[in-house]
Structures are given as C-alpha cells and as structure tokens.
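Single-structure report; data block below.
These numbers come from a predicted model, not from an experiment. Proteins get letters first, then strands, A, B, ... in listed order; numbering begins at 1 in each.
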2 protein chains.
Amino acid sequence: MPVSNEMADKYVAGAAMCPYRLVLEHVTSRWGVLVLIELLDRPYRFSELRRAIGRVSEKMLTQTLQTLERDGLVHRDAKPVIPPRVDYSLTDLGREAAEQVRALALWTESRMGEVERAREAYDEAKGRG
Amino acid sequence: MPVSNEMADKYVAGAAMCPYRLVLEHVTSRWGVLVLIELLDRPYRFSELRRAIGRVSEKMLTQTLQTLERDGLVHRDAKPVIPPRVDYSLTDLGREAAEQVRALALWTESRMGEVERAREAYDEAKGRG
DNA sequence: CCGCATCCATTAAGATACTG
DNA sequence: CAGTATCTTAATGGATGCGG
C-alpha cells in the first residue's frame, strides 16, 4: 500500500461521516499549514520546502504534499530530467485556503504576548492548587 | 503527571524554536478547531460539547480544553455544585481565533465539490499509472 | 535529486474503569 | 457530571536501502 493513503485513509476513522472535516484536517494539519504558507510566497522544490519548513521528515512532507495534491490544493510539476526536479505550487483553490491559513498564523503571531500572559496566569493558579 | 500537559509539552519537540507554531497547532488541532467553532455559538458544558462534536474521546476533549484554556482562548467556569457543572466559553482572544477558524471551515465546506472532483481526477490518473 | 518502502522507536490518540 | 488513571491501539518520525 502506498504511503500516500495513510493520512487520507486513517483520518476517515475520526472525521468519518462528515467529508469536509477531512479536508479541514488536511488543511489544518501540522505540516499542511506550514506547506500552504510557504507555497504562498512562491513555488518550491521538494527539498527546498523541506529546508524552509525545518524539522519535517521526508516521509511526512511527502505524505502531506500528496494529500494536498489529491485534494486539489497543491500542484505537482515533475520534470522528466536527471537528476529529478519537482516543483510544488498552489492551485487557485489552494491559494484560497492558504490565504486563510496564513491569516490565522499571522493572527497567532500577533497575539503571542497575550497568550503568554494567559499561560503565566494559568500556571501560577495551578501551582498554588 | 496531569494529562493536561501532554499536548502542550510534546508538541515542543516538533514545533520547538518557534513558539507561535505551538499556539497555531493548538488552534488548528483536530479537536481544537471543532471546539472553537462550537463555542462560537454559545457556552457549552463538558458533555454537551462532547455530544455536539461527536466521536471525541473524553481524554482528548479534556486535553484540548485545558490547552486552549491555558492559552487564554477558552474560559472555564466550574460551579461548586453537586453534581458538578462546568461551562466552557470563548474569551475575547478565543473569539478572534474561532472566527478565523470558522471562516476556514466554511470555506472548506463551500469548496467540497471542487475538492471531490480533484480527487477523482487524481485517483483516476494514478489508477492508470 | 525526488521520491517509495520497510523496519523500528517514540508519541499521540482512544477506550475504559474509576473517583470526588 | 466532569474529569483522572491506566491500558491498548494508532500515528508519527527517523534511519536505511532502493529505484527512476
């Protein structure tokens, strides 16, 4: 069984009945989020993308890209040359998703201060029981 | 060790250096997304939320809620009565996040048709090799 | 260089029984 | 009711070898 189906198939168990939840999970998945945001800037080659994201395994990146490609969010352009060269870019659909994901990421970044204050308050309250 | 720290601590391994990625992962996590969207409508009690989301384990819901509470996105109001009653609601910060997450969810729902066509095309192309 | 496939260790998720 | 503790199962990520 190809690795490509792992994510797509297994998530069916959790998100089951409701097909859109599946796509939402692909888009909001740990590496899906980061891939979409990177590709919003420009097309990337595989290992370029891997370096840009950092700390993602080859396996997970492959899997993420395949899932997003299958959902029609990412376009894969494999050039038949040696050594191989494969460029990944966003489709129009993918760009729409990526823009929303990026908005969320930017929001998160901008609110980090508040989040950290909330955490300190929470941890202190817990610490005292 | 309380269950509450599993998600928050472990994700450090993957998202490490970059603290905002951690919050982004909490917000976009499988159950985080759904919790935020539900709470956008109104406050929910624990098991009410569990039923509303469906197919979420007690453990994961607890964990998700604790993480979101610690990040200052969700407010937990435990009433000292018997039987216990705990209401969860969004903070102002959480509402901002939830609105963006909901926008993404609505987008996903609205684009399901396109996603499904893309999948069919992808699967057919693969099928033929 | 861009993968696919497999084995293996680690981590997260889920089911269940139990407590205040 | 709202969790916690414990155990089992699934997902993830690393390493490695292989092929186009």
Holding to salt bridge (charged side-chain N to carboxylate O under 4.0 Å, His left out), I want the full list of residues that pass it with [X], two or more places apart in sequence or in another chain.
| X | answer |
| --- | --- |
| B:Arg119 | A:Asp71 |
| A:Arg85 | A:Asp87 |
| A:Glu114 | A:Arg111 |

Quiz item: Can you find a donor-acceptor pair, distance only, under 3.5 Å between A:Gln66 side chain and C:dC4 base?
Solution: no
Whole angstrom value for the distance that separates [atom2] of [N] from [atom1] of [X]:
| X | N | atom1 | atom2 | answer |
| --- | --- | --- | --- | --- |
| B:Leu49 | D:dC1 | CG | P | 14 Å |
| B:Glu58 | D:dT6 | CD | P | 16 Å |
| B:Gln63 | C:dG14 | CD | C1' | 11 Å |
| A:Met60 | D:dA11 | CE | P | 11 Å |
| B:Ile53 | C:dA13 | CD1 | P | 14 Å |
| B:Leu61 | C:dA15 | CG | C1' | 15 Å |
| B:Leu34 | C:dA13 | CG | P | 13 Å |
| B:Leu65 | D:dC1 | CG | P | 16 Å |

Is the shortest side-chain N/O distance from [X] to OP1 or OP2 of [N] below 4.0 Å?
| X | N | result |
| --- | --- | --- |
| A:Arg76 | C:dG3 | yes |
| A:Trp31 | D:dA11 | no |
| B:Ser47 | D:dA2 | yes |
| A:Arg30 | D:dG13 | yes |

Quiz prompt | Donor-acceptor under 3.5 Å (A:Thr91 side chain, A:Gly72 main chain) | solution =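 The answer is yes, because a donor-acceptor pair under 3.5 Å joins these two groups.
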Quiz item: For B:Tyr44, is the NZ or CZ atom of B:Arg42 found under 6.0 angstrom from the centre of its six-membered ring and inside 45 degrees of the ring axis?
Solution: yes
Self-check item: Neighbours of DNA chain C within residues 77-91 of chain A, by heavy-atom distance under 4.0 Å
Solution: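 Heavy-atom cutoff 4.0 Å gives A:Pro83, A:Pro84, A:Val86, A:Tyr88.
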Quiz item: For B:Gln100, which residues count as a side-chain contact (heavy atoms from CB on, under 4.5 Å) partner, sequence neighbours excluded?
Solution: A:Ala103, A:Leu104, A:Trp107
Exercise. Kindly write out the residues that satisfy side-chain contact (heavy atoms from CB on, under 4.5 Å) with B:Ala118, not counting sequence neighbours, or none if the list is empty.
Key: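 B:Ala118 satisfies side-chain contact (heavy atoms from CB on, under 4.5 Å) with no other residue.
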Practice problem: When you get a sec, tell me which of D:dT12, C:dC4, D:dG13 is the closest nucleotide to the side chain of A:Ser57? | Solution: D:dG13
Quiz item: Nearest to the side chain of A:Lys59, which nucleotide is it out of C:dG3, D:dA2, C:dT6?
Solution: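 Among the listed nucleotides, the one closest to the side chain of A:Lys59 is C:dT6.
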